[in-house]
Structures are given as C-alpha cells and as structure tokens.
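Count residues from 1 along the sequence.
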Amino acid sequence: DSMGYPAETFHMKAKWRGGITNGSGKHKRNYHVKLKDDLGNKLEKKFFDLRNDNSWILESCQVDMSRVRNRVLTDLWNDYSTPPYYKDLEKKAKTGTRGQFVELILNDEYRGIYCMTENMDRKQMQLKKIEESTDSTEEVTHGQLWKSKDWCYAVFMGPNRGHYYPANFLTDPEEYSDMWDNYQVKYPDFEDYGYHTDWNVLYDAVDFVCHSEDDYFRDHVAEYFDLPLLIDYYILMESILSTDNHGKNMFFAVYDKEVDRKITFGVWDMDATCGQRWSDEYYHWAGMSPEQDYARYIYNNEHGDYNLFKRLRDTDAEDFNMRVRLRYRELRKSYLATESILNRFSTYLNRFKKCGAAQREYTRWNGDSDIAGLSLNFDTEMDYLTDWFTRRMNYLDTTRFDIASLPNDEPLKGDVNSDNIVDVADISAIISTMAGTSEPQGGDEPAPADVNGDGVVDVADISAVISIMAGN
C-alpha cells in the first residue's frame, strides 16, 4: 500500500461494540477484532507504529461529522498530559490509546473511514501484573483497572444537588460480579481469575469523594487521586467542552494496590466534544456555544456536574484552582495554542482528501440516519472547528481562567518538578538529581534543583525547599 506495508491475510474474530452507536438502527458500526492463527490460537501482530497485540478496535466515528475528533484529542492528550504517578517504574505507561486511520471493506462492501486503535488496558497503562497462585502461595492482585460505563450516583461520585441521581448512598459491591454501579472490571480479567474481584480500592475512593467532610477531603484528596494528571484532564474537559466524559467514559487505574492505592485515569471516547454532542440530533447545536462555563453546561445539559471536579473547585484542595490556571497558561504556549490544535484536525482531514478517502466517505454515508440525514463535508466542518476553537480558547483566556491576571510567568521557587506547587515531591526530585537519576538541565540555564542558587545541588537545596514549604 501507500505506506509500503506488504499485503497480509489474517483470521480474526470480530464483534460489534459500543453503546448508543451499537443500537439496532445504526449502520456504521464499531468493531472489536481479535487476530487468530490458522489453528484458531491467539495471534499478536504489530501494525503501523502501534503496539504488538492481537486485540484491536475499529472505531467508526459514527456521529462525528469530522470523523477525527476522538483521535485528534487523544493524540493531544498523549502529547501533553502529565505521566501517571508511577512513571519512574513504568516509563512506557500511556493513559490514552494510539491509532491510525484506515478504510474498511467488509464482505466486499466499502464501509468507510475507520480509526484502528489500541485497547485501553493493563498493557497500555503498564499496571503491575497479578501474582498467580502456586502450591504454597495465594494469588496476589497488584494492578487494577475499571471503566465507567454510564452515569449514576457512584459514577458521578456523589449527588448533583437535586439534579439527576440525587441519592446519598452507594450500593455494596459484590465480589462475584464484574459490575458495580456502572463501573466494570477491566483488570484482572474477571473470567480468567475465577469470576471474582476486589472492589475495595475503587469503592473507598468513590466513597471518599461522596461523603468526606470538606476539611478531610482537602487534606487527603492527593492520597486518593493522581492530581497532576487529573488537573491536565480537567483542563482538557474545559478546553473541548466535553459532553460525555465527566465520570462516564473514563478509566480508573491503580498501579499496585499493595503499595499505593492512589487512582490515576485514562481517557476514552472523546467524539462528543468541540461543539459535537453524543447524539446525531445536535448538529452544530447553538446550545454548545464555546462561550460558556463548562460546569454550568454539563449541569444543565448533561446529567450534572462531576462531583470530583466540583469538590476540588469548591474546597480548592491542593491549591487546585490556581494550579489549573497556571498549567493552562503554560499549555497555551504550546499544545493548547489555537493554531496547534487546529493543525491536528486539518492534517488528518487533508490526508483524507488527498488520498480520495474523503469523497469515498461522502459517497457511502451522506444522507444516512447515523448522521441525521445530513451530508458530510470536511471543509465545512473544519471551518466550524476553526471558529469554535478560536472562540473557546479566547473565552478561557479572558473569562474562565483570566490568564492576564495571573502573577508573572516566572518559575515558582522551589518547584523543582514543575507541577506548580512546592511540596515533598520537590524534595524527592532534588534527591533524584543528587543521585544522578534525573535528566540534567541543558545549556547555561540554572538547574531547577539548585533552589538556593549556589551552583551546587545538595542538601542545602532540600533545606531551602523545606523553608519555602514552611512559609519562610
């Protein structure tokens, strides 16, 4: 083909996948495929620059009039997001999938543009594997992974102030069920490990958000959740005015519950964003105007606010609000620059047009009920996205995050790891620098770990950080 890959034939097992997109009236289906060898055994294969695997997703981008929203935004997330808290142990860990656009022919029928993507699973997030039982030892679970399937009180992590799901309690999870209140076990595999699971880590974290007093929440939230990554996720949700990813369509993972029960996150299914709702009935809907408050929008239009976000904002735990604003300002200079975002969209869409895939997609799907009888036009959609993002980012700059009122854009003294807060993590970063396990600063710039500016990174810099933490 045009990329130089030889033609190959494989056996596979395929099934439909998805929620609303898998309804009886839908036509451009999503597929989950597993490769098999001639004997029907598992076959792993590496495609493009993606991982070596036997399990793949063919995403139809069914209601997205650009066909690229989810891929563009997941690429963006992969490029800018803070690595998960266990990054020093698993440098290849990813909290988003990678993918490559392809064209699908099924039973000699052209089915259009699809995105062939990796799975979001233990392998992608590099969670610590389970210890199998032996004759003398019991099975030990380390890494765990769950996915939120739909909204409910537990998925929202609390009440919505009389809005949807106004419960005030959590149901008791069952050890012998792979579902708990719309969370589903993804690892360890429920069927492979005796049809039982341990919900305690996830339950405790959800219960903490639902029911802890404000002071306790403020003091302990960083023990339960991977805040640097969560801040980046919150910024993404604000930037794209996401309608379907505040609690639902998220992955929740713990690297090794025997060592640290902190939960980090993986992204998923971001096609209902950037002025596109999850239903085909809302084409360029005025209700998704880019000049509006994200929390108010999802409260009024999308089942309610996400209580984890709301409590972080309301309590300002770990200086959440200022850290979000500072991180947003930093990202606006690079990954979240308006032109940079738009270039990601135009690169894919221009590729479709250049190879003829755009016209083939139009011919196959224009007028279909999957897109409410509308006609696809990638030029028109690119114009819409250009206008939408230009206005959205301007709104965030001037109103939501008001970056002009932020303090001078200078490094925070003592913030060695650049997470916009001075804490014990910065002491750990200094120790890593002293031990030679962190990358040195290049050029003539002073090393961030040289807090006292004496040209040497040593215990005196640790003392300087402690002094800053104490307010001196």
Side-chain angles (χ1 to χ4, degrees), residues 13 15-23 29-34 53 55-57 59 70 74 84 94-97 117-130 141-158 164-165 167 169-210 224-226 233 242 244-255 257 261-272 278 303 306-308:
K13 179 180 180 181
K15 65 177 182 180
W16 291 334
R17 62 168 304 280
I20 292 176
T21 57
N22 196 27
R29 302 277 191 160
N30 297 297
Y31 298 96
H32 182 197
V33 302
K34 292 188 176 182
D53 209 346
S55 179
W56 298 91
I57 290 172
E59 178 196 0
N70 184 48
T74 307
K94 297 177 180 63
T95 54
T97 65
T117 76
E118 300 163 331
N119 279 280
M120 202 66 207
D121 52 18
R122 186 214 67 79
K123 184 175 182 179
Q124 193 77 353
M125 299 191 76
Q126 294 289 293
L127 306 177
K128 189 172 182 179
K129 291 182 179 180
I130 195 169
T141 298
H142 293 283
Q144 292 186 279
L145 182 65
W146 308 271
K147 181 179 183 288
S148 48
K149 302 280 286 185
D150 205 349
W151 286 298
C152 67
Y153 176 79
V155 166
F156 271 115
M157 295 193 183
Y164 290 86
Y165 316 112
F169 64 91
L170 300 172
T171 65
D172 293 329
E174 297 182 7
E175 177 184 359
Y176 295 100
S177 174
D178 69 337
M179 294 290 299
W180 168 61
D181 281 4
N182 288 335
Y183 290 102
Q184 184 178 36
V185 172
K186 291 295 182 179
Y187 184 80
D189 186 272
F190 188 70
E191 296 180 1
D192 289 347
Y193 292 97
Y195 294 89
H196 72 91
T197 191
D198 178 3
W199 290 102
N200 287 329
V201 172
L202 182 63
Y203 180 91
D204 288 347
V206 173
D207 181 60
F208 166 78
V209 179
C210 288
Y224 284 87
F225 298 102
D226 188 356
Y233 184 74
S242 171
D244 208 21
N245 303 89
H246 49 292
K248 181 188 173 190
N249 285 326
M250 296 172 64
F251 282 85
F252 302 77
V254 59
Y255 174 69
K257 72 183 185 69
R261 294 163 67 90
K262 185 181 298 180
I263 287 176
T264 194
F265 306 87
V267 301
W268 190 252
D269 195 14
M270 294 187 287
D271 56 348
W278 44 266
H303 298 82
Y306 189 33
N307 205 36
L308 177 55

Is [Y] close to [X] at the side-chain level, that is, under 4.5 Å between some pair of heavy atoms?
| X | Y | answer |
| --- | --- | --- |
| Y306 | V209 | no |
| K15 | Y31 | no |
| N307 | Y153 | no |
| W180 | L202 | yes |
| Y183 | V206 | yes |
| L127 | Q144 | no |
| F156 | H303 | yes |
| F251 | Q124 | no |

Nearest heavy-atom pair of [X] and [Y]: which atoms, and what distance?
| X | Y | answer |
| --- | --- | --- |
| G158 | C210 | N-SG, 3.3 Å |
| M120 | K94 | CE-O, 3.6 Å |
| P188 | T141 | CG-CG2, 3.8 Å |
| C152 | N182 | CB-ND2, 3.5 Å |
| F190 | E175 | CE1-O, 4.2 Å |
| N119 | I57 | OD1-CD1, 3.4 Å |

Drop me the distance from [X]'s [atom1] to [Y]'s [atom2], to the nearest 0.5 angstrom.
| X | Y | atom1 | atom2 | result |
| --- | --- | --- | --- | --- |
| N249 | N70 | CG | CG | 9.5 Å |
| Q184 | T197 | CD | OG1 | 11.0 Å |
| S148 | D150 | OG | CG | 9.0 Å |
| Y187 | H142 | OH | NE2 | 9.0 Å |
| N245 | M250 | CG | CE | 8.0 Å |
| H32 | W56 | NE2 | CH2 | 10.5 Å |

Counting only heavy atoms not in K34, do more than 12 fall under 6.0 Å of its NZ? no

Sorted by chain and residue number, the ring-ring contact (aromatic ring centres under 6.0 Å, His included) partners of Y255 (sequence neighbours excluded) come out as Y86

Which class fits the ring pair F252 and F265: parallel under 30°, tilted 30 to 60°, perpendicular over 60°? perpendicular

Could I get the full list of salt bridge (Lys or Arg N to Asp or Glu O under 4.0 Å) partners for D207, not counting sequence neighbours? none

What's the verdict on side-chain contact (heavy atoms from CB on, under 4.5 Å) for W146 and V201, showing C-alpha distance, side-chain angles and the deciding distance? CA-CA 11 Å; W146 308 271; V201 172; 4.1 Å; yes

Please collect all salt bridge (Lys or Arg N to Asp or Glu O under 4.0 Å) contacts where either partner lies in residues 181-206, sequence neighbours excluded, each pair once. D198-K257, D204-R261

